[in-house]
Amino acid sequence: MLSLALLTLKARKGGFVGTFVALLLGAAVLSACGILLESGIRAGSSAERYAAADVVVAGRQEVELTFKDLDGSTVKESQPLPERVPLRASSADRITGMDGAKAVIADVGAPVRLVTGAGRPVPGHHGAVVEAHNWSSLGLGDFRLTIGHAPRAAGEIVLDTELAAQADVRPGDDIRLMTTSVPRPFQVAGLVALKDGGAPRRSVVFLADATLRQSVPEASVQAFGVLAAPGVSPHRLADAIRSTLHDDTLAVHTGEGRGRAEFLDVTVSGSNLVVLAAAIGGNVLLVAVFVLYATTSLSIRHRRREIALLRAIGTTPGQIRRMVAAEAAATGLLAGVIGGPAGLLLVHWLRDRFAGHGIVPSDFGLALSPLPFVAAVLVTVLTALVAVLSAAHRATRIRPTEALGEAAVETPGLGRGRRITGGVLLVLSAGIFVTGLAQDADFFTLVGLANSLVLVLVVTVAVLGPLVSRTAVRLLAPLLNRTGVTGYLAAANTRANVARLAGAITPLVLAVSFSSTVVFAQTTGLRESADQLRAGLVADHVLTAPSGVSPELAEKVRDMKQVASATGLVRSKVVALGKMLGAQESVSLSAQGVDPRALGSALDLRPRAGNMKALSRDTVAISTTTASWLGLGVGDTARLHLGDGTPLRAKVVAVYERGFGFTDVTMDHDLLLAHTTGKVDESVLVRSAPSAPDLTQALSHLAAAYPGTVLRDGLAVDDQLAEQRANAWVNYLVVGVIIAYTAITVVNTLAMSTAARRREFALLRLSGTARGQVVGMMRRESVIVIAAGVGIGTLLSAFPLVLVSMAVSGTPVPAVPGLGYLAIAGATAALAAAGTMLPTRMLLRIRPVEAIGAKE
C-alpha cells in the first residue's frame with residue numbers, strides 16, 4: 001500500500017499541494033506554540049544578584065486552590081501571583097545552623113525611583129523600575145565594585161554602572177532617591193558592575209543595611225541566599241531546606257531556578273504565555289481539522305472513478321483506507337518535517353509582538369528543545385490521518401457496483417446518518433442559544449455558550465453542506481436565470497452539483513463565522529469598556545506618573561481647600577474560585593484600591609446593590625460580572641487571595657455595574673496598597689470643589705515636588721485598556737491564522753473543483769459556447785459561492801455575537817465596525833474569486849480537442 005500511495009502522490013501531486021500547504025502552515029504554527037509553551041513553563045533568566053548563592057529561598061509565586069470537580073474528584077489548580085511574595089525574617093533562623101549551610105544572607109529590597117539634581121527621572125534598564133537592595137546582599141550575586149567604596153554613611157548610595165551613565169553621575173556626585181515620599185538626596189559612593197562587564201537585566205542600587213530600613217521603610221525580605229558548606233551539593237542542601245521549612249508558601253531554587261526567583265516579571269509572563277500558547281495552538285488545531293477535512297473530502301470525491309475501479313477489481317475497503325492513510329501520513333510527515341523548523345522564524349516574530357503588547361518582557365528568552373518539533377510532526381501526521389480517514393469513510397464502504405455508478409453521477413441528497421447528525425446539531429444549537437438568552441444575568445455562562453455555539457453551528461453547516469447548498473441555489477438561481485445564457489448555465493451547474501458547491505461554501509462559512517465572532521466579540525467588549533471608563537470617571541483632574549505616584553500625594557491633594565474629594569488609585573489582581581457552566585475553576589481577577597469617601601464623587605462605578613462607601617479592610621465590592629462568576633451577592637463572604645498570596649475573607653458590601661471599564665473587585669485603598677510590590681499608586685483622581693480657583697495651578701505646583709508626575713484632565717482610555725487591547729490582539733492573531741488557512745483551503749478547493757471540469761469546458765467550447773461565455777458562467781457560479789458562504793457565515797456569527805453583547809452590555813446589539821466586516825467579507829470573497837477564475841482562465845488556454853481527451 002505504501003508504494004501504491006507514493007505512486008498516487010506522484011501522479012496526483014497537483015491535488016495534494018493544497019493539503020500539503022495547509023499541513024505545513026499547521027506544523028509551523030504548532031511548533032511555534034510548542035516553543036512558547038515550553039518557554040513559559042521553563043521561563044527564566046540567568047541569575048545576577050543571586051548568581052553566587054547555591055540555594056535561594058523565596059516566596060512561592062503562585063497560589064494553589066483545591067476544589068471538587070463535577071464528578072466529585074478533587075482538583076488542584078494554580079494561579080500565578082503578580083506581586084512579590086514577602087518572606088518572614090524569622091525563616092532565616094530555621095535555615096541558619098543547618099548541616100550543610102555555611103551562611104544565610106537575606107536579600108531586602110523594594111522598587112525605587114531615581115531623580116537627577118535637575119529633577120529628571122532616571123528610568124531603569126529597558127524602562128523597568130529601579131530596585132534598591134541592602135549592601136550585604138551583594139555577596140549573593142555576580143556584581144563587583146568597580147570604583148569608589150561601599151555605602152557606609154546614611155546618605156551614601158551605590159549604583160550600577162549603566163544606571164550611573166544614564167543619570168550622568170559618578171562617585172562624589174549627588175542624586176535623589178524617591179520611594180513613597182518626596183525625593184531624598186544621596187551621594188554616590190561607588191559603582192558596581194557584573195563580573196562579565198555586561199549590563200544587568202534590572203537596574204539596581206545598593207544602600208547600607210541600616211539606611212535601607214530607614215530610608216525605604218516599605219522594603220521587605222525578598223529572598224534568602226544560602227551558601228553551601230564545602231563538599232555539600234546545592235541539590236542536597238535544597239532538599240534539606242525543604243524538609244526543614246516544610247512550608248507550601250516558600251519555594252526553594254537551585255540552578256536556573258535562581259533566576260526565576262530573582263526576576264518576578266519573567267515568572268509571571270511565563271505563566272501567561274502558557275495560557276496564550278495553549279489557546280492559539282488549540283484554535284489552530286481545531287481550524288486545521290475543519291480545513292483538512294474539507295480539502296481531503298473534495299480530493300476523495302474527485303477520485304471516485306479510481307476508487308470505484310479499485311473496488312471493482314477486488315480491492316478491499318481496508319486496503320483503500322490503508323492506501324489513503326499512507327498518502328496522508330507521507331504528506332503529513334513531509335509537511336511536519338519542513339514546517340517544524342519554519343516555526344522557529346514564526347516564534348521569534350510572535351515573541352516580539354507579545355513584547356510589544358506588554359505580554360512578556362522585551363528580553364524574554366525562548367527555550368529551545370527537540371520536543372516541540374517532534375510534537376508538531378506527530379500532531380500534523382495524526383491530523384492528516386484523522387481528516388483523510390473521516391473523508392474516505394463512505395467511499396470505502398459501498399459495494400463495487402454502487403461505486404461505479406456513483407462515480408459517473410454525483411450522489412443526490414444526504415445520507416441518513418448525516419441527516420440525523422445534522423438534525424441533532426441543529427437542535428443542540430437552538431438549545432444553546434435559548435439557554436444563553438435565559439441566562440442573560442450570568443456573564444461567563446453567556447460567553448462560554450457563545451464560544452460553543454459558533455463551533456456547533458459551523459459543524460452543523462459542514463454536516464448539512466449539500467442541503468445548505470441546495471437551499472442557497474434555490475434562492476439565488478432565479479436571479480442568475482435573468483442574466484442570460486451564462487447565468488442559466490451557472491444555475492444549472494450549481495443545481496446539478498450541490499456536493500461540489502458545498503465543498504466550496506463550507507470553508508467560506510468557517511472563515512467568516514469564526515473571524516466575525518472573534519473580532520466583533522473583542523470590539524464589543526472594548527466599546528463597552530471605553531464607554532464605562534468615560535462615564536465612570538467623574539474626577540476633574542488626574543495626577544499620574546510612568547513609574548507610579550507616591551501615596552502621600554493623594555493625602556496632600558485631599559487637604560487642599562479647592563478639592564472636594566480625592567483618592568489614590570492602586571491596581572493589582574486577586575485570585576478566587578469561580579464557576580462556569582456548573583464547574584468550579586480558579587480565576588484571576590483585576591482589583592483596584594480606592595478611598596471609599598471618593599466613590600460617587602471622583603469615581604462612579606454605578607452600584608446596583610449595597611453601599612459602596614462601606615468599604616473597609618474587611619469588606620469588598622464586586623462587579624456584576626464577578627458576582628456572576630463567584631456566585632456571590634451583598635452580604636456574602638468572598639474568599640480571595642491578594643496579589644502577594646495573602647488570604648482574605650471579606651464581606652461583600654456592594655455590587656457595581658462598571659467592572660469592564662475599571663476592575664472586577666474594588667477594595668479599601670490602604671489594604672490593597674500594602675499587598676503590592678511597588679507600594680505606589682497608579683494615579684490620583686481629583687474632584688474639584690464647586691468653587692475652586694486656581695486648582696490647576698496648585699496641583700501642578702504640588703506635582704512638581706514629585707518629579708515625573710504629570711497633571712491630566714482625565715484617565716487616558718487607551719492606557720487603561722492596554723491589557724484588554726493586548727488580549728484582543730491575541731484573538732486577532734487567531735483570526736489571521738484562520739484567514740490564512742481559509743486562503744489555502746478556498747483557493748485549493750475551488751482550484752481543484754475548477755480543474756476537474758476541463759472536459760466540461762472543452763465540451764462546451766466544442767458545442768459552440770464562446771470562451772467569454774464560459775468565463776461568464778464561472779463568474780456567476782463564484783457569485784453564488786461567495787454570496788452563500790459570506791451570507792451563511794455572517795448569519796451564524798450573529799447568534800453567538802448576540803450572546804456576547806448580552807453578556808457585556810445587556811443589549812443584543814454587538815459592536816460591528818463597518819470597515820472590519822468589509823475587510824473580513826472582502827478578503828474571503830477575493831480568495832474565492834481568485835480560486836475560481838484563475839484556474840478557469842488557465843484551462844481555457846488549452847485547445848478544446850486536447851482537453852476533451854485528457855485523462856482525469
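Both backbone and side-chain heavy atoms feed into the values below; hydrogens, waters and symmetry mates do not.
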Determine, stepwise, if the pair Thr66 / Val75 fulfils side-chain contact (heavy atoms from CB on, under 4.5 Å).
-> CA-CA 6 Å; Thr66 304; Val75 178; over 6 Å; no
Check the pair Glu62 / Gln79 against side-chain contact (heavy atoms from CB on, under 4.5 Å), numbers first and verdict last.
-> CA-CA 5 Å; Glu62 62 180 8; Gln79 285 285 346; over 6 Å; no
Does the pair Asp681 and Leu673 meet the rule for a side-chain contact (heavy atoms from CB on, under 4.5 Å), with working shown?
-> CA-CA 8 Å; Asp681 290 332; Leu673 183 73; 3.9 Å; yes
Step by step, work out the side-chain contact (heavy atoms from CB on, under 4.5 Å) result for Val115 and Ile175.
-> CA-CA 6 Å; Val115 182; Ile175 197 166; over 6 Å; no
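Remark: side-chain polar atoms of Asp160 are paired, donor with acceptor, to backbone N or O of Val204 under 3.5 angstrom. At least one donor-acceptor pair under 3.5 Å links the side chain of Ser137 to the backbone N or O of Asn134. In terms of modelled atom types and a separation under 3.5 Å, the side chain of Thr646 and the main chain of Leu642 share no donor-acceptor contact. A donor-acceptor contact shorter than 3.5 Å is absent between the side chain of Asp142 and the backbone of Glu48. Remark: the backbone N or O of Ala591 is not paired with any side-chain donor or acceptor of Thr663 at under 3.5 angstrom. Side-chain N or O atoms of Glu156 include one that pairs as donor or acceptor with a backbone N or O of Ala153 at under 3.5 Å. Of the possible polar contacts, one joining the Ser590 side chain to the Asp664 backbone as a donor-acceptor pair under 3.5 Å is found. Under the 3.5 Å distance criterion, the side-chain polar atoms of Arg351 are matched with a main-chain donor or acceptor of Phe364. The backbone N or O of Leu81 sits less than 3.5 Å from a side-chain atom of Gln61, completing a donor-acceptor pair.
Heavy-atom minimum distance, Phe186 versus Ser215: CZ-OG, 3.7 Å. In terms of heavy atoms, Val665 sits closest to Thr626 at CG2-CG2, 4.4 Å. The minimum heavy-atom distance linking Leu212 with Val108 is given by the pair CD2-O, 3.4 Å. Across Val252 and Ala238, no two heavy atoms sit closer than the pair CG1-CB, 3.7 Å. The two residues Ser39 and Ala367 have their closest heavy-atom pair at OG-N, 2.8 Å. Of all non-hydrogen atoms in Ala228 and Val232, the two that sit nearest each other are CB-O, 3.6 Å.
Interatomic distance, NZ of Lys573 versus CG of Leu672, reported as 12.0 Å (0.5 Å rounding). For the atom pair CG (Leu65) and OG (Ser586), the distance works out to 5.5 Å, reported to the nearest 0.5 Å. Atom CZ of residue Arg170 and atom CG of residue Leu191 lie 9.5 Å apart, to the nearest 0.5 angstrom. Interatomic distance, Leu245 CG to Ile95 CD1, rounded to the nearest 0.5 Å: 5.0 Å. Rounding to the nearest 0.5 Å gives a distance of 10.0 Å between NE2 of His253 and CZ of Arg60. Going from atom CZ of Arg113 over to atom CE of Met178 covers 4.0 Å, rounded to the nearest 0.5 Å.
Contact check for Phe224 versus Ile105: no side-chain heavy atoms found under the 4.5 Å cut-off. The closest side-chain heavy-atom distance from Arg260 to Val266 is not below 4.5 Å. Side chains of Val122 and Gln166 form a contact here, defined as non-hydrogen atoms less than 4.5 Å apart. Side-chain contact between Val205 and Val130 is present, with at least one heavy-atom pair separated by less than 4.5 Å. A heavy-atom distance below 4.5 Å is found between the side chains of Leu207 and Leu177. Contact annotation: the side chain of Leu344 approaches that of Leu368 to within less than 4.5 Å [non-hydrogen atoms, C-beta and beyond]. In this structure, the side chains of Val188 and Leu159 come closer than 4.5 Å at one or more pairs of heavy atoms. Residues Leu589 and Leu630 meet the side-chain proximity criterion, which asks for heavy atoms closer than 4.5 Å.
Ring geometry, Phe206 versus His133: the interplanar angle falls from 30° to 60°, so the pair is classed tilted.
Under a cut-off of 6.0 angstrom, the local environment of NE2 in His149 is crowded, with over 12 non-hydrogen atoms contributed by other residues, nucleotides or ligands. Heavy-atom contacts from other residues, nucleotides or ligands closer than 6.0 Å to CG of Asp99 number 12 or fewer. Around atom CZ of Arg88, no more than 12 heavy atoms belonging to other residues, nucleotides or ligands sit under 6.0 Å away. Within a 6.0 Å sphere centred on CD of Glu256, heavy atoms belonging to other residues, nucleotides or ligands number 12 at most.
Inspection of the Thr666 and Gln592 side chains reveals an N or O donor paired with an N or O acceptor under 3.5 Å. There is a side-chain donor-acceptor pair under 3.5 Å between Glu162 and His125. A donor-acceptor contact closer than 3.5 angstrom links the side chains of Glu83 and Thr677. For the residue pair Arg258 / Ser46, no side-chain donor-acceptor distance below 3.5 Å is found, with atom types taken as modelled. Side-chain atoms of Ser369 and Glu38 include a donor-acceptor pair closer than 3.5 Å.
A salt bridge links Arg49 with Asp107; the closest basic N to acidic carboxylate O contact falls under 4.0 Å. A salt bridge does not link Arg84 to Asp265: none of the charged nitrogens lies less than 4.0 Å from a carboxylate oxygen. Using a 4.0 Å cut-off between a side-chain N of Lys or Arg and a carboxylate O of Asp or Glu, Arg236 and Asp239 do not qualify as a salt bridge.
Relative to the ring axis of Phe263, Arg201 places its NZ or CZ within 45° and under 6.0 Å from the centre.
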